Colleague: 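Before I ask anything, here is the structure I am working with.
These numbers come from a predicted model, not from an experiment. Just so you know, ligand 1 is whichever comes first in the structure, and atom 1 is the first atom listed for that ligand.
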Amino acid sequence: MSQTQPTVNPFAQMQAGRPTGPLVLGYEVIIGFETHTQLTTQSKIFSRASTAFGAEPNTQASAVDFALPGALPVMNKGAVQRAIEFGLAVNAHIAESSVFARKNYFYPDLPKGYQISQFEIPVVQGGTVEFFLGDEKKSVRLVRAHLEEDAGKSLHEDFVGMSGIDLNRAGTPLLEIVTEPDMRSSAEAVAYAKELHKIVTWIGICDGNMQEGSFRCDANVSVRKPGAELGTRREIKNLNSFRFMQQAIDYEVRWQIEQIEDGKTIQQATVLFDPDTGETRAMRTKEDAADYRYFPDPDLPPLVISREWVEETRAAMKELPRAMAARFRSQHGLSEHDAAQLTCSWGIAADYEDAAKLSSEPKLAANWYINAVLPALNSSDALPEISVYELTSTKAPAKIAALISRISDNTISNKAARQVFELLWSRNTVDAEPIAQVDALIEQLGLKQMSDTSELEKIIDDVLAANAKNVEEVRAGNAKAMNALVGQAMKATKGKANPAQVNELLKKKLA
Ligand code: ADP
Ligand code: MG
């Protein structure tokens, strides 16, 4: 089998016209990501052993995973299927024909002595990941995404003076997603990682469980003076939480700048982040691709992906985040930024649409999701792992629709509704109907707006009598004085009047 020239040259177009990010002590920060996503197949990438997490050591490994002599790998179609789905989700090219290669290295958890991966012709080529960083729209280019097998695990804890090997994880299918060095700050890197996490969980190719290692990011970090050549990078391995990711990159950037300012040079290296000290530490000097002696795996024929397969896959996929955001803009009249926020996960997006439908107020529902529901979920750390089921069980759409209906029929003010929301959300009562819950809370908190006009008129008369000077000014055409009167009346009703109604009554009386 012959291999052609690489179809993707990762760095040919690198840096062309990329905007610069915020400088740190006069240095530009450059970040590129390699993310290992574990695919959601039932069985391994080249064997029929199960991929389920947490089994007794070595109970989920077959002859292929143990690398018994003569055992041959057989490609799992489901893994390829998921790679195609990812490629379509990021507008990448799906290779017509792609090749598996042996990446040779020695490690106890890799009994074959090589990892089956892809080198020169990956299955997914190019593509982009787009997201908002605050109000700014960012686009990170992908170099490639390739299929490979995971290695086993060395177990050190349970053995005194010895280490054990668990091959349950060996052969678990991974899609490694590699970016161009396009990111310019730790905040942008985290926003990219969150977006990528959203995409892979949205389309269901990865469960996104970061604690269990289903989504592991390696951050390649370098610094340079603006306009200079790219600096030497160090690779922070296995970042499995968004918080650590930001801390690790921030620490690494400061460390590299210090070294350079001290006149030292940066050595290319692989480093680990220690959450306890908040520092990164070199683990080994980095191998180059040449050190791995990559060559095509003679046990596996080239992977041929027909265009029909790609198109069938495209047709069967659920609405993608980008398409859904575009639809929210045209159908519900939302801004690009709001639509992006509401499509932060499949669960949130589906939930928001339910609330929009139930309330018939898509814009108000969007405001409630963005300003109340998302912050509440964020503060409880539920995002972005939240699933449709977890959200549905909180009845959030019906609760939001109930709140909106009580604002629309003037029972409560917007401000009062926020108070009701806090309790409604934290109590998470699932047995009572949301509208009944909302009404009970309005009663309990005494938030009902004053609807009795005669009572309100009396209060307003008192306010007018007590504020003769303001009344005079309003009659002289001073709009500010009117606001002062509205404020006085609201105060006198302890905020329970409807401000619009107060305004109207005042105007009538002063006309
Ligand atoms: P390898 O395969 O040896 O790890 P690659 O050249 O494929 O290295 O690059 C790996 C990752 O490092 C890519 O995500 C790329 O964007 C990033 N990268 C390359 N050069 C730099 C650099 N100077 N600074 C930061 N990141 C970089
Ligand atoms: Mg790499």
Side-chain angles (χ1 to χ4, degrees), residues 6-16 18 20-21 23-24 27-37 90 92 101-105 115 117-129 138-148 174-186 188-193 195-196 215-239 245 248-257 259-260 265-272 280 282-294:
T7 48
V8 176
N9 176 355
F11 305 117
Q13 40 169 343
M14 185 165 66
Q15 304 316 320
R18 300 295 303 175
T20 339
L23 298 186
V24 179
Y27 285 82
E28 188 182 13
V29 177
I30 311 280
I31 305 166
F33 260 58
E34 294 164 283
T35 305
H36 291 88
T37 55
V90 295
R102 291 185 177 181
K103 180 178 182 177
N104 298 283
Y105 65 93
Q115 175 195 27
S117 181
Q118 300 196 294
F119 185 51
E120 289 184 318
I121 314 178
V123 56
V124 175
Q125 305 172 358
T128 55
V129 172
K138 298 279 184 185
S139 173
V140 168
R141 293 166 298 167
L142 299 183
V143 179
R144 58 191 275 153
H146 61 257
L147 285 166
E148 63 183 27
L174 302 176
L175 188 68
E176 179 175 343
I177 302 159
V178 184
T179 76
E180 297 277 9
D182 276 354
M183 288 158 275
R184 291 294 176 274
S185 67
S186 59
E188 185 178 354
V190 171
Y192 160 79
E195 184 67 21
L196 186 67
F215 186 89
R216 322 192 279 266
C217 294
D218 304 341
N220 293 270
V221 180
S222 68
V223 298
R224 68 171 173 190
K225 288 284 185 188
E229 296 275 293
L230 279 184
T232 303
R233 71 180 196 267
R234 302 212 311 166
E235 179 176 358
I236 315 170
K237 275 287 194 202
N238 283 338
L239 294 164
M245 197 176 283
I249 295 170
D250 286 341
Y251 177 86
E252 178 64 25
V253 166
R254 280 196 305 275
W255 184 87
Q256 289 189 16
I257 293 173
Q259 298 293 304
I260 296 170
T265 51
I266 306 291
Q267 300 295 319
Q268 188 165 320
T270 301
V271 307
L272 280 183
T280 52
M283 177 166 113
R284 55 178 142 115
T285 53
K286 170 90 181 150
E287 301 83 353
D288 274 326
D291 297 331
Y292 290 119
R293 308 287 190 275
Y294 279 100

Colleague: For ligand 1, which atoms have a heavy atom of Glu180 less than 4.0 angstrom away?
Modeller: 16 (O)
Colleague: Check this for me - ligand 1, Thr232, N or O atoms closer than 3.5 angstrom, yes or no?
Modeller: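 Such a contact does not occur with ligand 1.
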Colleague: Any atoms of ligand 1 less than 4.0 Å from a non-hydrogen atom of Phe33? List them with their elements.
Modeller: 14 (O)
Colleague: Pair Leu230, Ile30 - check side-chain contact (heavy atoms from CB on, under 4.5 Å), show working.
Modeller: CA-CA 8 Å; Leu230 279 184; Ile30 311 280; 3.9 Å; yes
Colleague: Does Glu195 have any salt bridge (charged side-chain N to carboxylate O under 4.0 Å, His left out) partners at least two apart in sequence or in another chain, and if so, which?
Modeller: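 By the salt bridge (charged side-chain N to carboxylate O under 4.0 Å, His left out) rule, Glu195 matches Lys198.
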Colleague: For Val178 and ligand 1, does the shortest N/O to N/O distance drop below 3.5 Å?
Modeller: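 Checking ligand 1 against Val178, no N or O pair falls under 3.5 Å apart.
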Colleague: Measure from atom 3 (O) of ligand 1 to every heavy atom in Arg233, Arg141, Glu34 and give the option owning the shortest one.
Modeller: Arg233
Colleague: Salt bridge or not for Arg254 and Glu252, using N-O below 4.0 Å?
Modeller: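 Not counted as a salt bridge, because no side-chain N and carboxylate O are separated by less than 4.0 Å.
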Colleague: Under 3.5 Å, side chain of Asn220 to main-chain N/O of Ile31, donor-acceptor pair present?
Modeller: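 Flag not set: sc Asn220 to bb Ile31 has no pair under 3.5 Å.
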Colleague: Is the Tyr294 ring parallel, tilted or perpendicular to the Phe119 ring (thresholds 30°, 60°)?
Modeller: parallel
Colleague: So is Pro181 polar-close to ligand 1, meaning N/O to N/O under 3.5 Å?
Modeller: yes
Colleague: When you look for heavy atoms under 4.0 Å from ligand 1, do you find them on the side chain of Asn220, its backbone, both, or neither?
Modeller: both
Colleague: Taking 4.0 angstrom as the limit and counting only heavy atoms of Gly231, give me the atoms of ligand 1 inside it, by number and element.
Modeller: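 Taking each heavy atom of Gly231 in turn, ligand 1 has 23 (N) under 4.0 Å.
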Colleague: For ligand 1, note which part of Leu230 has a heavy atom under 4.0 Å away: side chain, backbone, both or neither.
Modeller: side chain
Colleague: List in chain and number order the residues that pass salt bridge (charged side-chain N to carboxylate O under 4.0 Å, His left out) with Arg102, two or more places apart in sequence or in another chain; answer none if no residue qualifies.
Modeller: Asp297, Asp299
Colleague: Is Lys225 paired with Glu28 through a side-chain N to carboxylate O contact shorter than 4.0 Å?
Modeller: no
